[in-house]
Engineer: 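Please see the structure below; I have some questions.
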Amino acid sequence: MPQPKAVIFDLLTALLDSWTVWDAAAGGAEAGRSWRARYLELTYGCGAYRSYEALVAEAARDAGLTAAAPAALHAGWDGLMPWPEVSAVLAGLRARGLLLGVATNCSVELGRRAAARCGVPFDAVITAEEAGFYKPRPEPYCAVLAALGVAPEDALFVAGSSADVPGAAGVGMRVVWHNRVGLPARPGPKPLREARTLDAALEGLA
C-alpha cells in the first residue's frame, strides 16, 4: 500500500478528548452522552451549515438540559486535552515530511482554538463553517484536500466518529478509525483499521 502524502484528522474525537468536556458541561457522563448523541443527529441531518453554537444549544434543550450546559461547554473549550499519544504521533508524522490536516464539525473560532490544543501546527484546518456543511457531507473533506493540495488517493483520513468512515471513504480517501470510546459502527464502508489508540490506528500505514 503506497504511503500517503497527507494525514487528515477528525479533531474533536480522533485527536482531542471532547467527551470529558461535554460530560462536565452537562453535569455527568449520562447527560453528556445523551446531549452529544442529539447534537450528532442534528449535524448529520443539517444540510447547509447552521451555527455550531446554535446546534449545540438546540441539542441541549432536546436532551433536557438548561442553557447553562452549552454556556459551560463554551467556557470550558480551552480545557480540551489531546489524547496522551497525540503530540508524539503528530510530531513523528511531521518529522517524516507528511502534510497534516484537520476537518472538524464546528465553527471557525472554536475549530482554531481546539486545533491549537494539539501542540503541533497543522498545514490546513477546515471547519464546517468554512466548508458550508457538516461532515459526513463531502464538502469538508474536499475542502481540506484542496487546502493541502493533495488528491484523495494520496491522503489517509483518521476518523474519530463512525460517520467519518463512510464520509471520508466517499470522497476517495483511505480511512482508519481511532475509536477511543468504543462507538458502534455505522452501516457502509469499513475502515482499513479500527483501534482504541491513535498510534495503533496508524501503525504501518503512515
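If you read the sequence from its start, that first residue is 1, and numbering goes on from there. This structure is a prediction, so every number in the text was calculated from the model and none was measured.
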Engineer: Where do Lys135 and Ser161 land on the side-chain contact (heavy atoms from CB on, under 4.5 Å) test, with the steps shown first?
Structural biologist: CA-CA 10 Å; Lys135 299 179 299 173; Ser161 69; 5.9 Å; no

Engineer: I'd like to know if the side chain of Arg94 reaches the main chain of Pro121, judged simply by a donor and an acceptor atom lying under 3.5 Å from each other, with no hydrogens or angles considered.
Structural biologist: yes

Engineer: Quick check: does any side chain N or O of Asp123 sit under 3.5 Å from a backbone N or O of Leu100, one acting as donor and the other as acceptor?
Structural biologist: yes

Engineer: Just how far is it from atom CZ of Phe133 to atom CD of Glu139, taken to the nearest 0.5 Å?
Structural biologist: 4.5 Å

Engineer: Taking the side chain as C-beta and beyond, is there a heavy-atom pair between Trp19 and Arg33 under 4.5 Å?
Structural biologist: yes

Engineer: Kindly indicate whether the side chain of Thr43, heavy atoms from C-beta on, has any atom under 4.5 Å from the side chain of Leu55.
Structural biologist: yes

Engineer: Could you state the interatomic distance from CZ (Phe122) to CD1 (Ile8), rounded to the nearest 0.5 Å?
Structural biologist: 11.5 Å

Engineer: So which atom in Leu198 and which in Glu85 form the shortest heavy-atom distance, rounded to 0.1 Å?
Structural biologist: N-OE2, 2.7 Å

Engineer: Do Thr66 and Arg61 have a side chain donor and acceptor closer than 3.5 Å?
Structural biologist: no

Engineer: Between Asp23 and Thr20, do the side chains contain a donor N or O and an acceptor N or O under 3.5 Å apart?
Structural biologist: no

Engineer: Any side-chain heavy-atom pair from Met173 and Leu145 closer than 4.5 angstrom?
Structural biologist: yes

Engineer: Find the distance between CH2 (Trp77) and CD (Glu109) and round it off to the nearest 0.5 Å.
Structural biologist: 9.5 Å

Engineer: Kindly compute the distance separating CG (Leu202) from CG (Leu98), expressed to the nearest 0.5 Å.
Structural biologist: 10.0 Å

Engineer: Checking Trp83 against Val89 for the side-chain contact (heavy atoms from CB on, under 4.5 Å) test, could you report, in this order, the C-alpha distance in whole Å, the side-chain angles of both residues, the deciding distance, and whether it holds?
Structural biologist: CA-CA 10 Å; Trp83 301 112; Val89 170; over 6 Å; no

Engineer: Walk me through whether Tyr134 and Tyr44 qualify under ring-ring contact (aromatic ring centres under 6.0 Å, His included).
Structural biologist: CA-CA 7 Å; Tyr134 285 97; Tyr44 295 161; 9.3 Å; no

Engineer: Check this for me: Glu203, atom CD, are more than 12 non-hydrogen atoms of other residues, nucleotides or ligands nearer than 6.0 Å?
Structural biologist: no

Engineer: Check for me, please, whether Leu40 and Val181 land in the same ILVMFWY cluster - side-chain distances under 4.5 Å, paths through other members count.
Structural biologist: yes

Engineer: When you compare the side chain of Val125 with that of Arg112, does any pair of heavy atoms fall below 4.5 Å?
Structural biologist: yes

Engineer: Are Arg117 and Asp78 ion-paired here, with the side-chain N under 4.0 Å from a carboxylate O?
Structural biologist: no

Engineer: First locate atom OG1 of Thr104, then atom CD of Glu129, and finally report the distance between them rounded to the nearest 0.5 Å.
Structural biologist: 11.5 Å

Engineer: Counting C-beta onward and ignoring hydrogens, is there a side-chain heavy-atom pair between His74 and Val56 closer than 4.5 Å?
Structural biologist: no

Engineer: Between Cys142 and Val171, what is the shortest heavy-atom contact and its length?
Structural biologist: SG-CG1, 3.9 Å

Engineer: Please report the shortest heavy-atom distance between Arg196 and Asn179, naming the atom on each side.
Structural biologist: CD-O, 2.8 Å

Engineer: Judged by atom type as modelled, is there a donor-acceptor pair below 3.5 Å linking the side chain of His178 to the main-chain atoms of Ala201?
Structural biologist: no

Engineer: Within a strict 4.5 Å, meaning less than it, do heavy atoms of the Leu15 and Pro82 side chains meet?
Structural biologist: no

Engineer: Between Val21 and Leu73, is a side-chain contact (heavy atoms from CB on, under 4.5 Å) present by the stated rule, with each step listed?
Structural biologist: CA-CA 7 Å; Val21 176; Leu73 180 66; 3.7 Å; yes

Engineer: So, for Ala124 and Ala147, which heavy atoms are closest and what is the spacing to 0.1 Å?
Structural biologist: CB-CB, 3.7 Å

Engineer: Check each of Val102, Leu80, Leu11 against Cys118 using the side chain to side chain contact (heavy atoms under 4.5 Å, CB included) test, and report the only one that passes.
Structural biologist: Leu11

Engineer: If you define the side chain from C-beta out and look only at heavy atoms, does anything of Ser107 sit under 4.5 Å from Glu53?
Structural biologist: yes

Engineer: Within the side chain of Lys5, is there an N or O that forms a donor-acceptor pair under 3.5 Å with the backbone of Leu99?
Structural biologist: no

Engineer: Where do Ala159 and Asp164 come nearest, in terms of heavy atoms and distance?
Structural biologist: CB-CB, 3.4 Å

Engineer: Determine the interplanar angle of the Trp35 and Trp22 rings, folded into 0 to 90°, and report it as parallel if under 30°, tilted if 30 to 60°, perpendicular if over 60°.
Structural biologist: tilted

Engineer: For the CD1 atom of Ile126 and the CG atom of Asn105, what is their distance to the nearest 0.5 Å?
Structural biologist: 12.5 Å

Engineer: Where the side chain of Arg193 meets the backbone of Val175, is there a donor-acceptor pair that is under 3.5 Å apart?
Structural biologist: no

Engineer: Return the minimal non-hydrogen interatomic distance between Ala57 and Pro70, and the atom names on each side.
Structural biologist: CA-CG, 4.0 Å

Engineer: Please tell me whether Tyr52 and Tyr39 form a close aromatic pair, meaning their ring centres lie under 6.0 Å apart.
Structural biologist: yes

Engineer: Is the shortest side-chain heavy-atom distance between Ser18 and Arg36 below 4.5 Å?
Structural biologist: yes

Engineer: Are the charged groups of Glu58 and Arg50 less than 4.0 angstrom apart, N to O?
Structural biologist: yes

Engineer: Check step by step if side-chain contact (heavy atoms from CB on, under 4.5 Å) holds for Leu192 and Trp177.
Structural biologist: CA-CA 8 Å; Leu192 294 174; Trp177 184 11; over 6 Å; no

